[in-house]
Amino acid sequence: MPDSKQPLSSPRGIDIVENLADIHARIEAAAGDAGRPASEITLIAVTKTFAVSFIEAAYLAGQRIFGENRVQESEAKWPEFRKSHADTELHLIGPLQTNKVAAAAALFDVIETVDRPRLANALAKQAAKTGHTPDLYIQVNTGEEAQKAGLPPKEADAFIRLCRDKLKLPVIGLMCIPPQDEPPAPHFALLKKIADRNDLENLSMGMSADFDTAIAFGATHIRLGTVLFGERKPILPAE
Ligand SMILES: *Cc1c(COP(=O)(O)O)cnc(C)c1O
């Protein structure tokens, strides 16, 4: 039964304070096992499909870095919230269409899904126009899945050079989403290898089901939705 007096920390009966504490304990453990300081790992709270009440609850629990996968949904949720919560950092973790580059560059601090020359060119043009660019990650389609965004691994080095050297874009890391039906470890290892040989420091990899493994393989940013906020309800068209 809905409880109107339900504390802000637990919209829909989900205890975000407790979930966040559990997640941080798991990050500590996975980092410890990997001989890494937990401070190297940043949690991105993925709030796609969740209402602002969930964002607020996570904020009150201490979370400051958030991820969304759609520009339009983010425009509805974030600008107003950020007026009073300016110390938040917002990452775009879903595919970006070139016609939404201006909106995305204005709203997001980090865009994790740069994956094709046309998009890189549009971002460079936008940067020239406004003098501002979000930090960028290049998304690599490590599983080479036809339906998935991201660049084929063999094209990564040349694309990173194009973005950094020719277009002067602030590329700071790589991102991947491993195939659902495969062990993720080889995908994380591949992303790490591409990052190392290109001197890229940040690796956004690891979701609710596999973030401990991602930390073992060098993740610096993990993107968690379900373990923090519960199951997503399909309030938006299916992804
Ligand atoms: C939805 C989403 C996540 C979070 O997934 P969970 O399994 O709920 O943790 C992470 N990364 C991307 C790119 C997503 O779209």
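First listed ligand is number 1; within each ligand, the first listed atom is number 1. Position 1 is the first residue of the sequence, and the numbers go up from there.
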Are any of the N or O atoms of N69 closer than 3.5 Å to those of ligand 1? no
Ligand 1 to A209 polar contact by distance, N or O atoms, under 3.5 Å: no
Would you indicate which of E112, K48, R232 comes nearest to atom 1 (C) of ligand 1 when only heavy atoms are counted? K48
Among E68, M207, H91, M205, closest by heavy atom to atom 10 (C) of ligand 1 is M207
Pairing residues for E155 by the side chain to side chain donor-acceptor pair (under 3.5 Å) criterion, not counting sequence neighbours: none
Which atoms of ligand 1 sit under 4.0 Å from any heavy atom of [X]?
X    : answer
L224 : 9 (O)
G225 : 4 (C), 6 (P), 8 (O), 9 (O)
S208 : 6 (P), 7 (O), 8 (O), 9 (O)
I177 : 13 (C)
R223 : 4 (C), 9 (O), 10 (C), 11 (N), 12 (C), 13 (C)
T226 : 6 (P), 7 (O), 8 (O), 9 (O)

Stepwise side chain to side chain contact (heavy atoms under 4.5 Å, CB included) test for F217 and K192: CA-CA 7 Å; F217 281 85; K192 167 87 172 139; 5.7 Å; no
CG of L119 to CG of L151: how many Å apart, nearest 0.5 Å? 11.0 Å
At under 4.0 Å between heavy atoms, what of V227 touches ligand 1? The answer is neither
So, do [X] and [Y] sit near enough that their side-chain heavy atoms are less than 4.5 Å apart?
X    : Y    : result
C163 : I138 : yes
R116 : T98  : yes
W78  : L107 : yes

Looking at Y59, I'd like to know if the NZ or CZ of R64 sits under 6.0 Å from its six-membered ring centre while staying within 45 degrees of the ring's axis. yes
Plane angle bin for H221 and Y137 - parallel if under 30°, tilted between 30 and 60°, otherwise perpendicular: perpendicular
